[in-house]
Number of protein chains: 2
Amino acid sequence: MEIRIKYNHPIEVTLDVVCGKWKGVILCLLMDQTLRFGELKKEIPAITQKMLTQQLRELEEDQLVNRVAYNEIPPRVEYSLTAYGEDLKPALEMLKEWGNNHINVVAESKLEQKLGDLQEADD
Amino acid sequence: MEIRIKYNHPIEVTLDVVCGKWKGVILCLLMDQTLRFGELKKEIPAITQKMLTQQLRELEEDQLVNRVAYNEIPPRVEYSLTAYGEDLKPALEMLKEWGNNHINVVAESKLEQKLGDLQEADD
DNA sequence: TATTATAGTTACTAAAAAGATACTATTGGG
DNA sequence: CCCAATAGTATCTTTTTAGTAACTATAATA
C-alpha cells in the first residue's frame with residue numbers, strides 16, 4: 001500500500017485505512033462477530049491466504065482490529081474489532097446499505113466498462 | 001481500475017466506486033457545491049490534470065457525478081453530485097468525521113510503516 | 001501575430017498492488 | 001513414520017494504478 005502521511009482532507013484518513021481490496025469486507029464481517037483466520041477465509045472465498053494475512057496485518061497496524069493468538073496446536077487466531085474499529089460501524093453500515101441500493105446501477109456501469117475494454121483489446 | 005462485476009458483499013459495491021485515489025475527496029468537495037474542473041484542481045493541489053479527469057470520468061460513469069459542459073471559450077465544465085451521489089452524503093460525512101477523530105492514530109501508524117520501509121531499504 | 005485561459009488528451013514510465021505457487025511449523029492420531 | 005489441521009511465509013510474476021511531460025483546441029485580447 002502506498003503510504004500517505006500528510007492529509008489535506010479528513011476523509012483521506014479513513015479511506016486510506018478502509019480501501020485495501022478486502023478491508024471493507026473484513027471489517028463488515030468483524031462488525032458483529034469475532035472470527036478465526038480460517039472462518040474469514042471461508043466467508044471470502046476469492047481471497048488468497050497471502051492477501052488475507054496482509055490485509056489483517058495492516059488493519060491491525062492501523063489499530064482497527066485485534067489479533068489474539070492462542071498457544072495451541074493446530075494454531076488458533078481470533079480477529080475482532082478494536083474500539084477504533086467499532087467507531088467505524090455506523091459508516092460501514094451506511095456504505096453497505098448504499099451498496100445494496102445501488103448495486104444494479106454500479107454493476108451495469110462496470111459491465112459496460114468491461115465490454116468497452118474487450119472491444120479495445122480487439123483493435 | 002480493476003473491474004469487479006460480481007459482488008459477494010454489498011459494501012464492495014460502494015468501495016469500488018469510492019476508492020479511487022481521489023474519489024472520496026472529490027465527492028466530499030462536491031457534497032455541498034458545484035465546482036468547475038479548475039476549482040476542483042485548486043482544492044486538491046496534489047492531483048494532476050490527468051488524474052482529475054480520470055477520476056471524474058469514472059465517477060460520471062458510475063453515475064455519482066454530473067458533468068455539464070458549456071459551449072464557451074475558454075471552456076467551462078461544471079461538476080456536481082447526481083441523486084445517487086447525494087445518497088452517499090451521510091456515509092461520506094461519517095467517514096470524514098471518523099478521519100477527523102482518528103487522524104493521529106492513523107498518521108502515527110503510517111509514519112511507523114514508513115520508517116520501517118526506509119530501514120528495509122538500507123539492508 | 002503572439003499570448004492567455006480552460007479543459008482536456010496522449011504516450012511513455014515507474015511504482016504499487018495483487019496473484020500463483022510452493023514452503024514452514026507443530027502435535028495428535030492412525 | 002506419515003498424515004491432517006491451522007495459520008501462516010517466501011518468492012516470483014503479472015496486472016493495475018499513478019506519475020511525467022508534452023501536446024490539442026478555440027476565441028478574445030494585447
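Keep in mind the model is a prediction, meaning the values are calculated, not measured. In what follows, chains carry the letters A, B, and so on, assigned in the order in which the sequence lines appear, proteins first and then strands, with residues in each chain numbered from 1.
- With distances taken from any side-chain atom of A/Gln49 to the nucleotides D/dG8, C/dT6, C/dT26, the minimum falls on D/dG8.
- B/Glu43 has no carboxylate O lying under 4.0 Å from a charged side-chain N of B/Lys41, or vice versa, which leaves the two without a salt bridge.
- If you measure from atom NZ of B/Lys110 to atom P of C/dA16, you get 14 Å, rounded to the nearest angstrom.
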Stepwise side-chain contact (heavy atoms from CB on, under 4.5 Å) check, A/Val106 with B/Tyr84: CA-CA 10 Å; A/Val106 175; B/Tyr84 288 121; over 6 Å; no
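- Spacing between atom CD of B/Gln54 and atom P of C/dT10 amounts to 13 Å, rounded to whole angstrom units.
- Applying the 3.5 Å distance criterion, the base of D/dG19 shares a donor-acceptor pair with the side chain of B/Lys50.
- Counting only heavy atoms from C-beta on, B/Glu2 has its side chain closest to C/dG19 among D/dA7, C/dG8, C/dG19.
- Atom CD1 in B/Ile47 sits roughly 15 Å away from atom P in D/dT17 (whole-Å rounding).
- Between A/Arg67 atom CZ and D/dT6 atom P the separation is 16 Å, expressed in whole Å.
- Here D/dT26 is the nucleotide among D/dT26, C/dG8, C/dT6 with the atom lying nearest to any side-chain atom of B/Ile73.
- The distance between atom CG of B/Asn71 and atom P of C/dG8, rounded to the nearest whole Å, is 13 Å.
- Within the structure, a side-chain polar atom (N or O) of A/Arg36 is placed less than 4.0 Å from OP1 or OP2 of D/dA7.
- The residue B/Tyr79 sits close only to the backbone: its heavy atoms come under 4.0 Å of sugar-phosphate atoms, none of a base.
- Separating the NZ atom of B/Lys21 from the P atom of C/dA15 is a distance of 13 Å, rounded to the nearest angstrom.
- With distances taken from any side-chain atom of B/Phe37 to the nucleotides C/dG8, D/dT20, C/dA5, the minimum falls on C/dG8.
- Between A/Ser109 and B/Asp62, the side chains place a donor N or O and an acceptor N or O closer than 3.5 Å (distance only, hydrogens not considered).
- Straight-line distance from the CD atom of B/Gln55 to the P atom of C/dT9: 14 Å, rounded to whole Å.
- For B/Thr53, taking side-chain heavy atoms from C-beta onward, the closest of the listed nucleotides D/dA10, C/dT9, D/dG8 is C/dT9.
- Rounding to whole angstrom units, CZ of residue A/Arg57 and C1' of D/dG8 are separated by 7 Å.
- The pair B/Asp32-B/Lys89 does not count as a salt bridge, with every side-chain nitrogen at least 4.0 angstrom from each carboxylate oxygen.
- Ionic pairing of B/Glu61 and A/Lys110 is not present here: no N-O contact between side-chain nitrogen and carboxylate oxygen is shorter than 4.0 angstrom.
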